[in-house]
Every structure is written in structure tokens, then in C-alpha cells.
Amino acid sequence: MAGPSLPDALAGFPALRERIASAKPALFLDLDGTLAPIAARPDMVEVPAETLETVDRLARLCPVAVVSGRGLEDLKDKIGLRSVYYVADHGFQIEGPLRDRVVFEMGRESRPQIEQAARQLHRTLEGIEGALVEEKGLSLSVHYRLTPEAKHPAVFRAVADVAEMFPALRVTEGKLVYEFRPPGAWDKGKALLWLLDHLGGHGGHLPIALGDDLTDEDMFAAVEGSGVGVIVGDPGRPTRASYRVDDRMAAARLLEAIGGLLV
Ligand SMILES: [Mg+2]
């Protein structure tokens, strides 16, 4: 199950080529660490121009979705294409391209509570060095990567207090981040399946998902059996992906190779 034991998607491309020949692909692409190199700060992340060109070209040949934990406006700003579907905020917000202006919001009724929780967190975290509240519309993140370790318990207490005030919201913990979301099980994988269904069901497209992170495992699980999951880099943990590529550059080459089959 570990990443390195998986077949390499570029080396194993003939097998992929056969599957793509029998069904039009629908691509689901993570942003950070997959289309773009990770940067010191999320706002410094930039997608290389040639990768954007490849994504734009692909999006004219088959459905392409950029799937991210980032908020919708942030994600659109980073990509800047009108040809792709945006699956933002871990799938809670979906917006279609020019030719299919679908808009979907999961847990829309929780928006006022998310806003109130954000206001409360801004207040309680004010004195804690490095703690940052990021509002994403239908979810919010409390980042504390820049907070001294001695203050981490204070961040936890503030988050726990606000979580108690808004019992209807779901609070999860990531890598030096807490997230508040609407209730209910929803993730990148469920959003992928929703979009696939919108595009015409499993029979219509071969879903191909590329990602590098834990949240992308939900996409890999969603396409396991019916499609193709490609993990970017060595995750150092078990993965549900069926292929791997070495790094972001190899992921870009794989996208180019897929594009070459579609023209
Ligand atoms: Mg990523």
C-alpha cells in the first residue's frame, strides 16, 4: 500500500492509454503540491505558466476540475482560468466553467454560524502570537504554524471554547490547523462523485484524480475501481491511489501525455 510500491503512471502509461481510449477522462487535480510547488506561505504559491497552459488545453478537450482545500475566490485567483471547474473549500463549493455555469454549495445553511464562529475566534485568538483565522465562506481554518509551541494549548482552548458555542459545526484537526465546517460527512471525494454525476455519471467518464495530501485520499477512494488515482510524491503512508508519479514535474508530464491522447 505504500507509495513507492505503486506502479509509476508515466512508466505504466500504455495501460492508462488503453483506459483513456475507451472512456473520455474527467480530471480532478489538487493545487498545492500537485499543480504548484509548495511555498513557505500559501499566498506565495504560484502555478507555473506552462502547467496552467496544459490545464487550459486539457480543459478544452475534457472536463477538468481543480480540487482544493482553499476557499473559492482564493482558488480562482490562483488558477485564473474560465475553462475549469473549481471544487473549493474541500468540496463545499463548486463552480463550473463558462460553458457549464453550475454552482453548488454544500451546507449553505451553516454560513451564518461559520461567520459568527470566525468573529468569536478573531476575538479569542487576538492575543496569541501567530494564530491566524482564515475565512473560506463555508468553512474556516485556524492556522497556528507560526505560533510558539508554548502557546499551542492556548490555541486549542480557544478553539475548543468556540466549538462548544457552535455544536452544530464540525471541527477537525490537521497539520497545525483546526477547521470548522458545516455538519455532515463531505470531502473532496464526495464532491468528485457529485461532479462526476453532474457530468453524466460513472458510465460517461473515466475519473482521474491527482493529489499529494491526506485529503486527496478521499478522491482516490472515490475513484478506486472505476477510475485512476495518482499520488504525487512519496506520501510515507498507505494510500488508496493506484499509481504514483515522482513529483509535481512528473505530474505535469503526465497531464501533457494525457492531453496528447485527446487531440
Ligand atoms: Mg496538495
Side-chain angles (χ1 to χ4, degrees), residues 8-37 45-68 70 72 75-88 91 94-102 188-189 191-212 216 219-220 222-223 226-233 241-263:
D8 184 286
L10 284 168
F13 198 67
L16 270 180
R17 185 163 52 207
E18 241 167 70
R19 296 188 69 179
I20 292 171
S22 59
K24 191 178 192 175
L27 300 173
F28 298 87
L29 312 173
D30 169 52
L31 170 62
D32 294 83
T34 299
L35 293 179
V45 165
E46 262 184 66
V47 184
E50 53 284 19
T51 304
L52 280 178
E53 266 171 48
T54 303
V55 170
D56 194 29
R57 199 165 57 242
L58 276 165
R60 289 158 202 280
L61 301 166
C62 70
V64 175
V66 183
V67 187
S68 175
R70 288 177 183 261
L72 183 60
L75 181 60
K76 284 162 73 175
D77 190 52
K78 287 286 174 213
I79 300 289
L81 299 175
R82 305 299 304 272
S83 54
V84 301
Y85 290 84
Y86 290 104
V87 180
I94 298 176
E95 196 177 291
L98 277 179
R99 65 173 183 285
D100 174 15
R101 296 185 165 206
V102 61
K188 282 180 163 186
L192 180 155
L193 292 176
W194 184 92
L195 188 51
L196 203 55
D197 191 50
H198 167 78
L199 292 170
H202 267 80
H205 292 91
L206 172 72
I208 302 178
L210 270 72
D212 69 314
D216 299 313
M219 292 206 288
F220 301 151
V223 303
S226 65
V228 180
V230 182
I231 182 98
V232 179
S242 45
Y243 285 95
R244 59 177 282 271
V245 286
D246 280 338
D247 51 24
R248 181 189 59 77
M249 278 85 79
R253 285 201 297 280
L254 177 64
L255 293 179
E256 274 170 41
I258 291 170
L261 299 180
L262 300 176
V263 286

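In this text the structure is predicted, and so the values were computed from the model without any measurement. Quick note: residue numbers are just sequence positions, from 1.
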Taking salt bridge (charged side-chain N to carboxylate O under 4.0 Å, His left out) as the test, write out the residues that go with [X], two or more places apart.
X: Asp100; value: none
X: Asp212; value: none
X: Arg57; value: none

Can you tell me how far the [atom1] atom of [X] sits from the [atom2] atom of [Y], to the nearest 0.5 Å?
X: Leu58; Y: Leu29; atom1: CG; atom2: CG; value: 8.0 Å
X: Trp194; Y: Ile94; atom1: CH2; atom2: CD1; value: 5.0 Å
X: Thr51; Y: Asp56; atom1: OG1; atom2: CG; value: 12.5 Å
X: Tyr243; Y: Leu16; atom1: OH; atom2: CG; value: 4.5 Å
X: Leu98; Y: Arg82; atom1: CG; atom2: CZ; value: 4.0 Å
X: Arg70; Y: Lys76; atom1: CZ; atom2: NZ; value: 15.0 Å

Any heavy-atom pair between the side chains of [Y] and [X] that's under 4.5 Å?
X: Phe28; Y: Leu195; answer: yes
X: Ile20; Y: Leu262; answer: yes
X: His205; Y: Pro63; answer: yes

Hey, can you pull the donor-acceptor pairs under 3.5 Å for the side chains in residues 247-256, sequence neighbours left out?
from   : atom 1 : to     : atom 2 : distance (Å)
Asp247 : OD1    : Met249 : N      : 3.3
Asp247 : OD1    : Ala250 : N      : 2.9

Indicate the atoms forming the closest heavy-atom contact of [X] with [Y], along with that distance.
X: Ala209; Y: Phe220; answer: O-CE2, 3.5 Å
X: Ile208; Y: Pro25; answer: CD1-CB, 3.9 Å
X: Ser226; Y: Pro207; answer: O-CD, 3.8 Å
X: Gly96; Y: Tyr85; answer: CA-CD2, 3.6 Å
X: Ala191; Y: Gly91; answer: CB-CA, 3.5 Å
X: Phe13; Y: Ile258; answer: CZ-N, 3.9 Å

Note: Arg101-Glu95 ion pair, threshold 4.0 Å (strictly below):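 Here Arg101 does not pair with Glu95 in a salt bridge, since their nearest N and O are not under 4.0 Å apart.
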Take Leu27 and Cys62 through the test side-chain contact (heavy atoms from CB on, under 4.5 Å) and record every step on the way to the result. CA-CA 8 Å; Leu27 300 173; Cys62 70; 4.2 Å; yes
What pairs meet the side chain to side chain donor-acceptor pair (under 3.5 Å) rule with one or both residues in residues 20-31, with sequence neighbours excluded? Asp30-Thr34, Asp30-Lys188
Run His198 and Val102 through side-chain contact (heavy atoms from CB on, under 4.5 Å) and show every step you take. CA-CA 9 Å; His198 167 78; Val102 61; 3.7 Å; yes
Please name all residues satisfying side-chain contact (heavy atoms from CB on, under 4.5 Å) with Ile79, sequence neighbours left out, ordered by chain then number.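 Ile79 satisfies side-chain contact (heavy atoms from CB on, under 4.5 Å) with Leu31, Leu35, Val47, Leu52, Val66, Leu75, Leu81, Val84, Tyr86 only.
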Applying side-chain contact (heavy atoms from CB on, under 4.5 Å), run through Ser83 and Val64 and close with a yes or a no. CA-CA 8 Å; Ser83 54; Val64 175; over 6 Å; no
Polar side-chain atom of Asp216 near backbone of Met219 as donor-acceptor pair, under 3.5 Å: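 Such a contact is absent between Asp216 side chain and Met219 backbone.
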